[in-house]
Asker: 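One structure, pasted below without further comment.
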2 protein chains.
Amino acid sequence: MDGRHARGVHTRRVTLARAVDIATVDGLEGLTLGRLAAELQLSKSGIFAHFGSKEELQLATISFAEEVFTEHVLRPAFQAPRGRPRLLALFDRWMDFSRARVFAGGCFFTAVMAEFDAREGRVYDVVVRWSRVWNELLGRLISECVEEGHLPEGVDVDQLVFELSALGRAANHDSLLTREDSHYDRATTAVRTRLGASG
Amino acid sequence: MDGRHARGVHTRRVTLARAVDIATVDGLEGLTLGRLAAELQLSKSGIFAHFGSKEELQLATISFAEEVFTEHVLRPAFQAPRGRPRLLALFDRWMDFSRARVFAGGCFFTAVMAEFDAREGRVYDVVVRWSRVWNELLGRLISECVEEGHLPEGVDVDQLVFELSALGRAANHDSLLTREDSHYDRATTAVRTRLGASG
DNA sequence: AAGTTATACGAACGATCGGTCAGATAGTGT
DNA sequence: ACACTATCTGACCGATCGTTCGTATAACTT
């Protein structure tokens with residue numbers, strides 16, 4: 001079951017890649033074994049065997065999305081210099097990630113957060129944990145801005161975290177809903193203004 | 001079918017009230033006839049007869065949520081004086097509406113917008129229309145702030161609409177996810193700051 | 001080449017999905 | 001009281017859900 005052969009590893013990756021696309025559009029609950037099997041031209045039971053349960057498939061899909069997000073957003077952002085450049089790089093990479101539709105339905109975590117907001121269970125728990133990690137990361141980068149003298153001493157870090165996250169998520173949702181790109185510019189503009197003048 | 005008798009009207013209202021609660025937690029797609037019937041102790045076919053299709057049930061649920069939202073948020077907000085007081089009243093009522101959990105899963109429209117973002121069909125169409133109406137309303141109230149001299153002439157109305165909407169929706173989602181109220185204060189603080197000093 | 005194990009399949013499971021229909025039950029108008 | 005119609009039920013439809021299981025096929029090991 002725990003993929004020793006190359007064939008199994010490949011199938012698992014292909015399956016999860018498809019699962020993430022489905023989940024960002026129709027939700028992790030709209031993700032179904034039958035549909036996955038049909039689209040991948042595999043048998044339902046074959047896919048099922050890789051995960052053991054629907055919930056495990058959902059959790060594996062989240063893990064896969066984390067990897068992709070890390071590769072496309074977190075890693076490149078950390079190549080920018082500490083302080084304001086790194087914070088802005090993170091935000092811009094995040095917006096690029098959503099805008100480029102790396103996943104068919106935009107940012108996976110924004111979508112799944114909204115879907116599991118009000119629920120309970122293992123998926124909810126994972127989403128909460130991810131949300132906390134994300135906020136802590138934003139908070140750390142903001143604190144580094146203060147340390148580097150790119151933001152004033154007295155700034156309310158948690159408040160700023162909330163606002164940046166809000167703007168990014170709204171840009172993602174609004175661009176999906178209206179099928180227009182303009183909201184990303186609104187978000188980056190707002191972030192720049194909020195962090196103080198120069199780009 | 002078009003409710004002439006008092007009994008039918010009542011059943012329909014009770015059904016939709018329950019439907020809205022279910023939909024804000026598990027989504028309009030997670031809303032099922034069987035569950036609705038079980039929770040209301042009615043027959044599946046009895047409920048079905050009121051709406052004719054699942055999609056019509058979803059659309060009726062949206063209409064019902066609109067009524068409640070209008071009653072709890074829009075109407076009272078318009079009792080505040082034109083300009084800044086009315087804009088702030090609208091935002092505060094919105095936040096109160098979410099915080100009070102008038103619907104079990106917070107703000108219905110924030111939830112459904114996120115759910116149908118990336119989809120297509122009649123429900124998506126209605127959500128897009130509602131989103132546009134909401135943005136136009138916000139835009140109008142902001143413009144009135146300018147006219148009343150409560151905001152400077154050159155303000156970018158659409159940009160402000162985006163930011164206010166973003167902050168409100170994020171407060172709703174974050175409060176649901178973390179089960180804490182503090183995010184509403186973050187949103188109202190941010191809005192006050194963004195609109196300029198005094199409350 | 002043979003043996004072993006990972007991988008995938010196909011048929012079937014009970015449960016639930018949205019939806020249909022004939023008939024029982026209730027409410028309204030006369 | 002009667003007829004009429006709105007409302008609601010219960011049995012049933014085909015499709016799909018997640019899941020199980022026995023079996024075939026591939027891929028590695030030796």
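Worth saying up front: this structure is predicted, and the values here are computed from it rather than measured.
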Asker: Regarding A:Leu31, tell me which of base, sugar-phosphate or nothing describes its non-hydrogen contacts under 4.0 Å with the strands shown.
Answerer: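 If one applies the 4.0 Å heavy-atom cut-off, A:Leu31 turns out to touch the sugar-phosphate alone, with no base involved.
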
Asker: On the ring face of A:Phe162, is B:Arg186 found with NZ or CZ under 6.0 Å from the centre and within 45° of the axis?
Answerer: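 Pair B:Arg186/A:Phe162 does not count as cation-pi.
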
Asker: Atom CZ of B:Phe51 and atom P of D:dT7: how far apart are they, to the nearest Å?
Answerer: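 Whole-Å distance recorded here is 12 Å.
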
Asker: Taking the side chain as C-beta and beyond, is there a heavy-atom pair between A:Leu177 and B:Tyr124 under 4.5 Å?
Answerer: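 SC-SC contact between A:Leu177 and B:Tyr124 confirmed.
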
Asker: Is a side-chain donor-acceptor pair under 3.5 Å present for B:Arg101 with B:Ser175?
Answerer: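 A donor-acceptor contact under 3.5 Å links the two side chains.
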
Asker: Atom CG of B:Leu33 and atom P of D:dT9: how far apart are they, to the nearest Å?
Answerer: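 That distance rounds to 13 Å.
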
Asker: Taking B:Glu29's backbone N and O only, do any of them form a donor-acceptor pair with B:Glu115's side chain (distance below 3.5 Å, no angle check)?
Answerer: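 Between the backbone of B:Glu29 and the side chain of B:Glu115 there is a qualifying donor-acceptor contact (under 3.5 Å).
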
Asker: Between residues 35-45 of chain B and DNA chain C, which residues have a heavy-atom gap below 4.0 Å?
Answerer: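 Hits under 4.0 Å, by residue number: B:Lys44, B:Ser45.
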
Asker: Any idea which heavy atoms bring A:Trp134 and A:Ser165 closest together, and the distance?
Answerer: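 Scanning both residues completely, I find the closest heavy atoms to be NE1-OG, 4.0 Å.
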
Asker: Between N or O atoms, less than 3.5 Å apart, protein on one side and nucleotides 26-30 of chain D on the other: list the pairs.
Answerer:
| residue | atom | partner | partner atom | Å |
| --- | --- | --- | --- | --- |
| D:dA26 | O3' | A:Arg7 | NH2 | 3.3 |
| D:dA27 | OP1 | A:Arg7 | NH2 | 2.8 |

Asker: Taking CD1 from A:Ile47 and P from D:dT19, how many angstroms apart are they, rounded to a whole number?
Answerer: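 So the two atoms are 13 Å apart, to the nearest Å.
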
Asker: Looking only at atom types and distance, does a side-chain atom of B:Arg119 sit under 3.5 Å from a main-chain N or O of A:Val25, one as donor and one as acceptor?
Answerer: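 Between the backbone of A:Val25 and the side chain of B:Arg119 there is a qualifying donor-acceptor contact (under 3.5 Å).
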
Asker: Take atom CZ of B:Arg12 and atom P of C:dG27, then tell me their distance rounded to the nearest Å.
Answerer: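 It works out to 20 Å between those atoms.
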
Asker: Rounded at 0.5 Å granularity, tell me how far CZ in A:Phe69 sits from CZ in A:Phe64.
Answerer: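 So the CZ of A:Phe69 and the CZ of A:Phe64 are separated by 14.5 Å.
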
Asker: Grab the CD-C1' distance between B:Glu55 and C:dG19 for me, whole Å please.
Answerer: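 Going from B:Glu55 (CD) to C:dG19 (C1'), I get 14 Å.
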
Asker: Closest heavy-atom contact between A:Phe48 and A:Ser53?
Answerer: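 Closest heavy-atom pair between A:Phe48 and A:Ser53: CE1-CA, 3.9 Å.
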
Asker: Send over the distance from A:Lys54 NZ to D:dT16 C1', rounded to a whole Å.
Answerer: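 It is 12 Å, rounded to the nearest whole Å.
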
Asker: Is A:Thr11 near enough to C:dA8 that one of its side-chain N or O atoms lies under 4.0 angstrom from OP1 or OP2?
Answerer: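 Affirmative; the distance criterion is met.
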
Asker: When you look at A:Glu71 and A:Glu66, which way does the side-chain contact (heavy atoms from CB on, under 4.5 Å) test go after all the steps?
Answerer: CA-CA 9 Å; A:Glu71 212 57 40; A:Glu66 274 180 35; over 6 Å; no

Asker: How many Å lie between CZ on A:Phe48 and C1' on D:dT16, as a whole number?
Answerer: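 Nearest whole value for this atom pair: 15 Å.
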
Asker: Please state whether the phosphate of D:dT7, meaning OP1 or OP2, lies under 4.0 angstrom from any side-chain nitrogen or oxygen of B:His10.
Answerer: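 No, no such contact exists.
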
